[in-house]
Every structure is written in structure tokens, then in C-alpha cells.
Protein chains: 2
Amino acid sequence: MKLQQLRYLVEVAKQGLNVSEAAEALHTSQPGISKQIRLLEDELGVQVFIRNGKRVVDVTAPGKEILRISERILREAKNLKRVAEEFVNEEEGSLVIATTHTQARYALPGTISSFMQRYPGVKLSIKQGSPTQICEFVLDGSADIAIATEGIDQFPELISLDCYQWNRSIIVPDNHPLLELRRHVTLADVAAYPIITYDFAFAGRSKINRAFEAEHLSPNVVLTAIDTDVIKTYVGLGLGIGIIASMAFDVHRDQGLFAIDASHLFEPSTTHIGVRRDAYLRGYTFSFIEGFAPHLKRETVERALNTYGED
Amino acid sequence: MKLQQLRYLVEVAKQGLNVSEAAEALHTSQPGISKQIRLLEDELGVQVFIRNGKRVVDVTAPGKEILRISERILREAKNLKRVAEEFVNEEEGSLVIATTHTQARYALPGTISSFMQRYPGVKLSIKQGSPTQICEFVLDGSADIAIATEGIDQFPELISLDCYQWNRSIIVPDNHPLLELRRHVTLADVAAYPIITYDFAFAGRSKINRAFEAEHLSPNVVLTAIDTDVIKTYVGLGLGIGIIASMAFDVHRDQGLFAIDASHLFEPSTTHIGVRRDAYLRGYTFSFIEGFAPHLKRETVERALNTYGED
DNA sequence: GTTTGTTACGGCTACCGTAAAGATC
DNA sequence: GATCTTTACGGTAGCCGTAACAAAC
């Protein structure tokens with residue numbers, strides 16, 4: 001049994017049971033893959049793939065188990081390399097952060113820029129996506145950590161670390177009646193106007209829904225956006241009032257708009273960092289996490305990673 | 001990076017940093033091992049072992065991490081093979097049970113013999129040892145499951161499954177004064193006589209101590225044994241009275257000795273099965289566990305194995 | 001007909017084992 | 001001097017890639 005044989009297996013499965021594409025993805029030849037898979041199947045005495053004549057059409061029952069374990073082995077092998085890199089040069093490497101628009105645009109810039117100054121040798125990159133997508137990036141290894149408010153706790157393979165709590169604001173155009181009420185605004189007041197807010201899967205939208213439901217109000221949501229900038233644009237156009245994360249409002253930049261604190265109307269949301277349970281994190285990754293959420297010291301995170309008891 | 005390179009690493013570490021012994025254990029040549037380790041170190045860019053001139057004397061800091069991960073990888077590779085075997089032939093394979101004297105002699109025989117009838121193709125073997133030893137057997141892969149009353153919960157890498165509860169009996173020779181009291185015997189009565197019981201680490205001995213301590217009694221323990229047969233022998237010789245697991249007394253076989261139920265004196269003990277969290281268990285292993293503890297169905301055990309969320 | 005997977009074959013890498021030399025205790 | 005490890009070297013297995021063939025959509 002060889003590591004590449006496992007790599008071949010996994011890649012074929014990943015490419016939708018297409019050996020040719022797997023070969024391309026791995027920069028090698030189809031026959032090589034076919035042969036090695038055959039050899040492995042012979043060695044194990046079990047077919048992994050079901051072939052219809054010459055075409056791979058499905059995975060056998062044992063194949064599913066085998067693929068699962070193979071993935072784990074390959075992941076650990078990657079960790080091994082990462083450990084080595086860490087010791088060779090603590091200051092160099094790469095860090096891929098998967099996150100949502102709101103985090104990328106409003107929460108992360110400060111942390112990112114000081115991180116880049118501190119670790120100029122680390123190739124930092126950001127992958128933007130929906131909460132579900134970014135979790136999947138972390139799962140399949142194409143990102144190291146996920147940062148989002150929604151979704152992370154839904155993946156048991158990920159550890160979810162609380163970063164910070166935040167509240168919401170109502171944003172309105174100039175001269176809007178709600179500005180008279182200011183802090184005395186109620187949910188009912190809000191529900192009286194057309195509302196523009198986040199898409200269902202994003203930025204704690206579920207908490208907004210819950211708040212209205214609790215008071216049996218049915219708000220008139222006229223537009224759901226993935227990012228705050230879209231919301232602001234349409235609030236500016238007078239389409240309705242916006243409910244956004246407070247941190248996304250900037251008095252200077254957002255001329256013509258006004259924010260009304262709404263922390264008394266909606267329960268606060270918490271932004272989380274998600275990491276694979278079985279990931280090996282580089283030293284600078286711990287440093288990044290601590291930069292973003294100062295209470296998440298290295299030891300705290302390590303302890304969380306090992307919650308299931310094993311060392 | 002190759003799997004055998006990892007195997008070499010781990011074996012060298014296991015053999016006390018002796019490359020020659022590792023070579024012997026793996027049925028290969030020393031130079032081969034040396035070279036492959038070098039190659040791996042080159043590839044990773046980190047030394048795993050510290051060499052004093054030509055002698056391997058220690059493991060580097062990264063080496064420790066690397067060894068840990070390597071062990072995990074090799075373990076998973078073994079699991080992979082096991083999965084395959086399972087599907088090739090569900091009825092053949094091996095099962096190694098690590099257990100203590102008391103379990104082997106009094107609790108297991110029934111389960112074992114019906115298991116052997118049901119799975120004649122499975123090579124069953126039993127490794128006897130102290131509670132700590134048997135857990136270590138399971139940890140290092142030389143046994144599949146551990147069965148014991150003590151010790152299993154102290155290893156976080158093992159899942160501990162409750163099997164059954166049992167109580168204790170006092171055994172005395174014929175005409176012993178305690179026989180007058182029978183079920184009305186108290187701890188104070190017991191403490192009045194010299195006592196023979198289990199060694200500290202065995203068979204729930206700690207519960208016995210705790211019971212006496214709770215009543216501020218200091219029993220006169222004149223002999224501590226690892227197994228019940230030794231205890232019985234010396235009780236028969238009149239050295240003192242015995243405190244043993246009730247299941248270890250047999251009216252017919254143990255002529256000349258009498259048992260007094262002591263379930264009201266000591267809290268019951270529970271016997272556990274211990275399994276590595278990351279082990280792949282063969283179908284017949286589940287079957288064995290269920291034979292030993294009928295409430296531990298396959299699904300129950302599988303659920304317990306995946307408590308840390310993954311899978 | 002096009003896409004896809006297997007068989008056949010040749011080159012070459014690199015792994016393994018033997019033998020000998022160098023270090024350490 | 002004995003044990004242990006590395007270097008040197010030759011044989012060989014087996015991996016990879018090209019090319020041709022076979023099957024499936």
C-alpha cells in the first residue's frame with residue numbers, strides 16, 4: 001500500500017469517478033492511475049470502484065470506508081509536512097482564510113494588515129463565500145480557517161470558537177421618521193417600513209427573523225442581500241430601511257445615511273472561527289486568531305482542538 | 001514521503017532509538033532504514049533524530065510531533081486493511097482480548113466458548129495483564145479490546161463501555177464465627193479479622209478501601225493478591241478472610257470455603273470494555289462485545305466510538 | 001465518433017541488501 | 001574491541017509515460 005495509491009483513489013472519487021480528470025488534476029497519466037488502483041484493490045482483496053465494463057460508475061460499500069480512511073491518512077500526511085515547515089521556518093508559509101463579505105470588509109482589515117506587517121513571509125489569501133461554502137473550503141483543505149457568524153456549528157468536523165459579539169443598527173436615509181424616535185424605536189416601528197437586510201444564510205439573519213416572530217410581527221422584507229454594501233445602496237435609493245451589523249456603518253463614508261442602534265431589538269450575534277478538528281495549525285495561524293480575537297490564546301485554541309480527549 | 005519511511009521512524013523510536021533493532025524487528029537491513037530516514041528528513045527539511053556523531057541519541061522537538069502523526073497514519077493504514085478484510089470474509093480474522101485474571105477466569109469463559117463456536121474462523125487470543133498493561137496493549141495495537149474493572153477510564157484515548165455491575169462476597173473457612181452473622185455482617189465485623197484481598201490496582205480494590213475509610217476503620221490486610229485463586233488458597237489455609245468478587249466463588253469447586261454476600265458493605269463495581277477511539281472494529285468484534293454485554297449492541301458501540309462528533 | 005479505461009511495452013528511478021569503513025562507547 | 005551507523009555499490013523491482021487497443025455513451 002502506498003500513499004499515492006490512496007491519493008489516486010481519493011482524487012478519482014473527488015473528480016466524479018473520472019480517472020482521466022483525476023490524472024489531469026494530479027499531473028500524471030491515466031494508465032498509471034488505473035494500474036495503481038488495480039494494484040491496491042488486488043492487495044486489499046476488495047474492489048473499491050464498481051466498473052461497468054470499462055467505465056467506473058460507482059463506489060462499493062467497502063470502497064466508501066476505504067475512501068474515508070484514505071482521506072484521513074492523506075490529511076495527516078499533509079499535517080506532517082506542515083509540522084516540518086513550521087520548524088524549518090516559523091515565519092514563512094501560507095494562510096488561507098475563508099470568510100464572508102461582512103467579515104472580510106468590516107471585521108478583518110485591521111487584523112489582516114497588522115498580521116501582514118508582522119509576518120511578511122506568510123502568503124495570506126482570503127476566499128470569500130457563503131457560510132456553507134467557507135466551511136466546505138476548510139473541510140476539503142482548501143482553506144485553513146473559516147470566519148463567519150452563521151453555519152460553523154453545523155459541521156461537527158469543525159471546532160467552532162467564539163470570537164466576538166456584535167449588535168445591529170437600523171440604517172435610514174436622511175429625514176426618515178424613525179430618526180425622531182432614535183433609541184426608543186420598537187420592533188413594531190421597524191416593521192412598519194419596507195426592510196432591506198441580509199440573505200437568510202448570512203450574518204445572523206436568523207436572529208432578525210426570530211425577533212420579529214417573537215412579537216408576532218411580519219416585516220415586509222423587500223430585498224435580501226448578501227452584503228452590506230448592497231443594502232446601503234438601496235437604503236440610499238429610498239427602497240426601504242436597512243438592518244445591518246453595527247460595525248458595517250461608518251459615519252464618514254456612509255454620507256446621507258444614518259444609523260440607529262438596535263441592540264435592544266435583536267439579540268446579539270456571535271462571530272466564530274472554524275477549524276478542522278484534525279488540522280495542524282502553524283504558529284502564525286494561532287497568532288492570527290489571537291489578533292482577531294484576543295481572548296483566543298494559543299493554549300485556549302489547542303485545548304479546544306483536543307476536546308475529544310486524545311492528546 | 002512513503003509509508004514505510006514512517007514505519008521506519010516509528011520503529012526506531014519504539015526500539016529505543018536503535019536502528020539495528022528496528023531493522024531486525026522489521027526484517028530488513030540497517031542501512032536501508034538509515035537511508036530512508038535520511039531521505040525523509042531531507043524531504044521534510046527537518047531532523048527527526050538527534051545524532052551524536054553517528055549514534056542516534058534523541059528525538060528533536062519536531063520529531064516528536066512527526067512521530068505522533070506518523071503513528072496515527074500507520075494506525076489508519078492498518079484500519080484500512082482491516083476494513084478490506086472485513087469485506088472479504090466477515091467470518092475470518094483475529095481478535096485479541098486483553099484482560100485480567102478475574103475476567104479471564106470467571107467472566108469470560110461462557111462468552112468465549114460460544115463465540116468460538118459461532119466464529120470458528122476467527123483466531124481468538126487472550127493476553128493477560130494488569131489493568132494498566134492491558135490498556136497499553138490496546139493503545140499500541142497489540143490487542144483489540146481490553147476488559148477490566150479498573151483503569152480503563154484513565155486513558156483518554158480509549159472509549160470505556162460499561163458492561164455489568166458486580167458485588168463482593170466475604171469468603172471464610174468452615175466454622176468461622178462470621179458465618180453466624182451471615183447477612184447481618186458489618187464492616188466492623190469484617191475489619192476484626194485479618195483480610196486477604198486484591199492488589200491495589202485490581203478488581204475494584206479501591207472501592208474496598210473506600211468503604212472502610214468511610215467508616216474510619218483500618219482493616220488488617222495481611223495479603224494482597226492479583227487473582228482470586230491465590231486469595232482462596234490462603235483463606236483455606238486459615239490466614240484470614242477473603243474479600244472477592246462474588247462471581248469468583250463456586251459452591252461446588254470451592255469445597256471447604258463459604259461465601260457471605262457483602263453487597264450491602266461495598267458499593268458495586270462495574271466492569272468495562274476499552275477500545276481505541278480510532279480503531280476500526282471487525283463485525284465479529286461487535287458480536288463478541290454484545291455476547292459479553294448484551295446491551296452493547298453494535299449501534300451503541302459505534303455511537304460511542306464517534307462521540308467526538310466526527311464521522 | 002468521441003470519450004474513457006485497460007493492456008502492452010520500454011526507460012528509468014529508487015529501493016533493498018551486501019560489504020566495508022568510520023564513530024562511539 | 002565491540003557495537004552501531006553511515007557510505008559505497010550493484011541488482012532488481014516497480015513506477016511512470018507513451019502508444020495502441022477496447023469498450024461505452
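It should be emphasised that the depicted structure is a prediction, and the values quoted were computed from it without experimental measurement. Numbers restart at 1 for each chain; the letters A, B, ... are given by sequence-line order, proteins then strands.
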Trainee: Quickly work out the Q4(A) CD to dG14(D) C1' distance and round it to whole Å.
Mentor: 11 Å
Trainee: State which residue, out of R118(A), R298(A), K297(A), fulfils the salt bridge (Lys or Arg N to Asp or Glu O under 4.0 Å) condition with E290(A).
Mentor: K297(A)
Trainee: I need the CD-C1' distance between E43(B) and dA14(C), as an integer number of Å.
Mentor: 13 Å
Trainee: If every non-hydrogen atom of E41(A) is compared with every non-hydrogen atom of F49(A), which pair is closest and at what distance?
Mentor: OE2-N, 3.2 Å
Trainee: Over how many whole Å does the gap from E41(B) atom CD to dT5(D) atom P extend?
Mentor: 13 Å
Trainee: Tell me the closest heavy-atom pair linking T99(B) and A104(B), and the distance in Å.
Mentor: CG2-CB, 3.8 Å
Trainee: Rounded off to whole Å, could you give me the CG-to-C1' distance for the D42(B) and dT6(D) pair?
Mentor: 14 Å
Trainee: Determine the contact category for Y8(A): base if any of its heavy atoms lies under 4.0 Å from a base atom, sugar-phosphate if only primed atoms, P, OP1 or OP2 are that close, otherwise nothing.
Mentor: sugar-phosphate
Trainee: Pick one: which of R82(B), K123(B), K78(B), R282(B) meets salt bridge (Lys or Arg N to Asp or Glu O under 4.0 Å) with D144(B)?
Mentor: R82(B)
Trainee: Mind calculating the distance between CZ (R7(B)) and C1' (dC15(C)) to the nearest angstrom?
Mentor: 15 Å
Trainee: Mind calculating the distance between CD (Q15(B)) and P (dT3(D)) to the nearest angstrom?
Mentor: 18 Å
Trainee: With ring centroids as reference points, do Y119(A) and F115(A) lie under 6.0 angstrom apart?
Mentor: yes
Trainee: Could you tell me which non-hydrogen atom of L40(A) sits nearest to which non-hydrogen atom of M1(A), and how far apart they are?
Mentor: CD1-CG, 3.9 Å
Trainee: When we call it a touch if two heavy atoms are under 4.0 Å apart, what does I33(A) touch: a base, just sugar-phosphate, or nothing?
Mentor: nothing
Trainee: Nucleotide by nucleotide, 5' to 3', does protein get under 4.0 Å of the base (B), only the sugar-phosphate (S), or neither (-) in nucleotides 4-10 of chain C, counting heavy atoms?
Mentor: SBBB---
Trainee: Could you tell me how far apart L26(B) (CG) and dG17(C) (P) are, to the nearest whole angstrom?
Mentor: 11 Å
Trainee: Expressed in angstrom and rounded to an integer, what is the separation of E24(B) atom CD from dT5(D) atom C1'?
Mentor: 15 Å
